[in-house]
Amino acid sequence: MQGEESLRILVEPEGDSFPLMEISTCETEASEQWDYVLVAQRHTQRDPRQARQQQFLEELRRKGFHIKVIRDQKQVFFGIRADNSVFGLYRTLLLEPEGPAPHAELAAPTTIPVTTSLRIRIVNFVVMNNKTSAGETFEDLMKDGVFEARFPLHKGEGRLKKTWARWRHMFREQPVDEIRNYFGEKVALYFVWLGWYTYMLVPAALTGLLVFLSGFSLFEASQIRACGRWERCIHPKRGRSRPGALQSCSAFPTGLTGRPSPSPPAHFLSPPAPFPGFPASLPGSPAPLPSSPTSSPAHLSPPQLTHLFDNDGTVVFAIFMALWATVFLEIWKRQRARVVLHWDLYVWDEEQEEMALQLINCPDYKLRPYQHSYLRSTVILVLTLLMICLMIGMAHVLVVYRVLASALFSSSAVPFLEEQVTTAVVVTGALVHYVTIIIMTKINRCVALKLCDFEMPRTFSERESRFTIRFFTLQFFTHFSSLIYIAFILGRINGHPGKSTRLAGLWKLEECHASGCMMDLFVQMAIIMGLKQTLSNCVEYLVPWVTHKCRSLRASESGHLPRDPELRDWRRNYLLNPVNTFSLFDEFMEMMIQYGFTTIFVAAFPLAPLLALFSNLVEIRLDAIKMVWLQRRLVPRKAKDIGTWLQVLETIGVLAVIANGMVIAFTSEFIPRVVYKYRYSPCLKEGNSTVDCLKGYVNHSLSVFHTKDFQDPDGIEGSENVTLCRYRDYRNPPDYNFSEQFWFLLAIRLAFVILFEHVALCIKLIAAWFVPDIPQSVKNKVLEVKYQRLREKMWHGRQRLGGVGAGSRPPMPAHPTPASIFSARSTDV
């Protein structure tokens, strides 16, 4: 190129290193740097699509891009690189001269390093926004088969393969600066955030494990061992209670209309394995209840299992996680500030950069002003609410499945299913929910994209931000709707014995587990989170690996190996798995959902942080291996933060406080136990400190039902020998309205929710105030740069006025490099 400055690339010997940075503009173009490739099928060169292809490429040439064509057996590759004049224009547009313009020294342009990432970013932006004379974009041409693919080339990734993208480096620190130089700031910030999130999970995981294990110390507590004596039945002939003769209301095998049935009917939930102390059989009962051995580590009763996570430490752990989420975000903001200052992006303006790229692509580009349409916003809001209602409807579909599954399993020929109906229903329901999540994720993505297109955002970054909000909202309800149902609705709308709420008037709604709804919530979260962490990671790795191997095998079957090393390199990149705009977005979304599981409902599943920790250790290297070994190179993008995802994290933190407070109040047994201990316990009557204050708690939590109040008591087999039965609720016979204890408990629950949320939110606010978002060292460095630049301006101004009072020139340069101003340490306050 004549008359143009050219860039010199700092390249180390061929091997594991890669082009780091262009540092000079004084040599001519000795070597061609092809960073970007377009691919088309070879048969398109012999049909009318070739004309459209050439028209698009000619438009790129007119804008200052060089194109090299290499033909293979089946594909045609078009290498693209930008002319140095494009980079010169980029530097001119983003130039911010300091000092008075007439002064040559201050008006000299600041050197903007043209990295490989910057070259790829400029080429990609122009290619994606380039239009032919007919108004066709590259996406339009791809849909018509004019082009098949586009991708930047992997070059010099050997060092990242050796030091980062290997399983054996799982516990090694990530080379953040090298990731930034190769993949751009946006990808690098993702790995910085993911690494910091994984590091911060360590204290949360250890605390959750401690709370879980502390439940073992409660196995011998009297209120748990007494659960075996929680029901008494009255024998009509003897006229006295029979201790140990236990019968629950659900043990009566009534048919669909209350007629006698020789065996448990299809709609009926078979009684779960009884607690320690249940007798092997009941007099007059239609079938013997299964026996259970006494409490032992190998045979844990449902209350004992529940106390592994529903104990007094649950409240403390929930408050701890609220504080942890706040501290995690505040320290992340500090970490981000250090990294961004180190990269010299602290004052970088994304809008300015995007406008500069638009002007490079089209000098006649017209600025699109900010606009807001209340009509469009209303339509989008209504459509979003409709989708949320659909998500809630999907939760109701799961409810119907669980009811029908319980009826099916109750009459199953498999003994295990017949005896463990509740467990089987919970497990299969969680599996069905997981499949629903996979299907609805694809639907949610399409809906969110359509909503964004309808809203017509001004720029790509604005579109990405709005798409993030829409997609996350839909995904949140998809993942958590069934958990909300289990935590706050399951078992609470079922009515009472003799007047049960039935689905379609036939099937009785599902009840909670024998030990309470906390067990259902625990199992649901454990299965869904376990599947997402294991199956998702396996699929995320195996699918790209198998796909890449298949593509490579099909290419090798032709037996054709290009002699041209450049063609071999382009072909190798072409055979890698394609990426798209959502490749990094999907990784962020996966982590946000995991963060939601780690914080929301964590009171019911204290092992969630531990599972997340193990998963993230694998996820970091898994993503690294995919990006470096199995996928085409992501287009480097500039960024100084994680964008809208930070607001998503803050929203999840607030929702976690609300959800955990409600779980402790309405789902766990914490409030009923505390109320019983300080209002109804024997300690208050006997005044003896040696008496267990929770003695009789389980009996107090059960209501009495007279079997004569069944709709058809004569048709119920076994009712002639049992006159009373017990069930979980707070009701009084004979009308079975809610008792005084129920309303008192409800008031205490509501008060606890309000108190818990206010205390937790206050702790979050105090922690956010106590830990500054930006380290003082970073603020001081930025302040020092501003001060030195003002002194430089003042010195030059006085020089022009004749040197009166000019003094000595400040030693610091007007435009310091990142290395000259950044020396912040992790211990800075």
Side-chain angles (χ1 to χ4, degrees), residues 1 4 6-7 9 11 18-19 22 29-42 44-45 49-72 75-90 114-133 136-142 145-157 182-184 356-363 562 564-576 578-581 632-637:
M1 294 173 42
E4 295 288 344
S6 112
L7 305 174
I9 313 297
V11 185
F18 55 91
E22 297 76 356
E29 267 177 298
S31 61
E32 298 176 338
Q33 292 292 328
W34 304 102
D35 302 307
Y36 204 89
V37 172
L38 306 182
V39 183
Q41 289 294 326
R42 187 153 187 172
T44 60
Q45 307 299 300
R49 286 178 290 187
Q50 184 184 15
R52 299 165 66 189
Q53 202 175 86
Q54 293 302 319
Q55 188 179 8
F56 183 85
L57 297 175
E58 188 59 35
E59 187 67 23
L60 289 177
R61 290 190 183 96
R62 190 183 65 81
K63 292 178 180 179
F65 288 83
H66 300 272
I67 298 174
K68 180 177 182 178
V69 182
I70 302 180
R71 289 176 171 82
D72 198 8
Q75 289 83 26
V76 180
F77 297 91
F78 303 92
I80 300 177
R81 63 179 177 85
D83 191 280
N84 289 314
S85 60
V86 175
F87 303 125
L89 177 60
Y90 176 84
V114 183
T115 62
T116 305
S117 298
L118 176 60
R119 292 201 309 267
I120 294 173
R121 187 165 68 251
I122 292 176
V123 173
N124 179 77
F125 186 90
V126 175
V127 168
M128 293 304 297
N129 290 273
N130 186 45
K131 292 184 179 181
T132 64
S133 57
E136 293 181 309
T137 63
F138 185 81
E139 292 293 336
D140 299 328
L141 297 177
M142 277 194 66
V146 178
F147 289 102
E148 181 188 356
R150 60 174 178 85
F151 52 85
L153 292 172
H154 275 293
K155 285 186 178 180
E157 72 276 17
Y182 193 79
F183 288 109
L357 294 175
Q358 288 284 7
L359 289 171
I360 291 174
N361 176 59
C362 179
D564 185 355
E566 195 165 45
L567 176 56
R568 285 202 303 269
D569 183 47
W570 292 7
R571 190 183 181 190
R572 176 182 66 86
N573 281 265
Y574 169 73
L575 294 176
L576 295 173
V579 295
N580 53 49
T581 309
R632 296 169 185 168
R633 186 174 181 176
L634 286 169
V635 175
R637 291 186 57 192

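Residue numbers run from 1 in the order of the sequence given. It should be emphasised that the depicted structure is a prediction, and the values quoted were computed from it without experimental measurement. Reckoned from all heavy atoms, side chains included, excluding hydrogens, waters and symmetry mates.
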If every non-hydrogen atom of [X] is compared with every non-hydrogen atom of [Y], which pair is closest and at what distance?
X	Y	answer
Leu38	Arg150	CD2-CB, 3.6 Å
Gln45	Gln50	O-OE1, 2.7 Å
Asn129	Asn361	O-ND2, 3.4 Å
Ser117	Gly184	OG-N, 4.0 Å
His154	Arg632	NE2-C, 3.4 Å

Side chains of Glu58 and Arg61: closer than 4.5 Å at any heavy-atom pair?
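With C-beta onward as the side chain, the pair touches.
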Indicate yes or no: at least one non-hydrogen side-chain atom of Pro152 is less than 4.5 angstrom from one of Tyr36.
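In contact.
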Interatomic distance, [X] atom [atom1] to [Y] atom [atom2] [nearest 0.5 angstrom]:
X	Y	atom1	atom2	value
Phe65	Asn130	CZ	CG	8.5 Å
Asn573	Lys155	CG	NZ	9.0 Å
Gln75	Glu148	CD	CD	6.0 Å

Is it possible for you to check whether Arg633 lies under 6.0 Å from the centre of the six-membered ring of Tyr182, through NZ or CZ, and within 45° of that ring's axis?
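Yes, Arg633 sits over the ring of Tyr182.
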Using the test side chain to side chain donor-acceptor pair (under 3.5 Å), find all partners of Gln358 that sit at least two apart in sequence or belong to another chain.
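Gln358 satisfies side chain to side chain donor-acceptor pair (under 3.5 Å) with no other residue.
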Ring geometry between Phe138 and Phe56 (parallel below 30°, tilted from 30 to 60°, perpendicular above 60°):
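Answer is tilted, since the angle falls between 30° and 60°.
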Lys131: partners by side-chain contact (heavy atoms from CB on, under 4.5 Å), with sequence neighbours left out
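Applying side-chain contact (heavy atoms from CB on, under 4.5 Å) to Lys131 gives Thr137.
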For the pair Lys68 and Glu566, find out whether any cationic side-chain nitrogen is under 4.0 Å from an anionic carboxylate oxygen.
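Looking at Glu566 together with Lys68, the answer is yes, because their closest N to O distance falls below 4.0 Å.
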Please list, chain by chain and in numerical order, all residues satisfying ring pair (Phe, Tyr, Trp, His ring centres under 6.0 Å) with Tyr574, sequence neighbours excluded.
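Result, ring pair (Phe, Tyr, Trp, His ring centres under 6.0 Å) vs Tyr574: Phe77.
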State whether the side chain of Gln53 and the backbone N or O of Val146 hold a donor-acceptor pair below 3.5 Å, judged by distance alone.
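Side chain of Gln53 to backbone of Val146: a pair is present.
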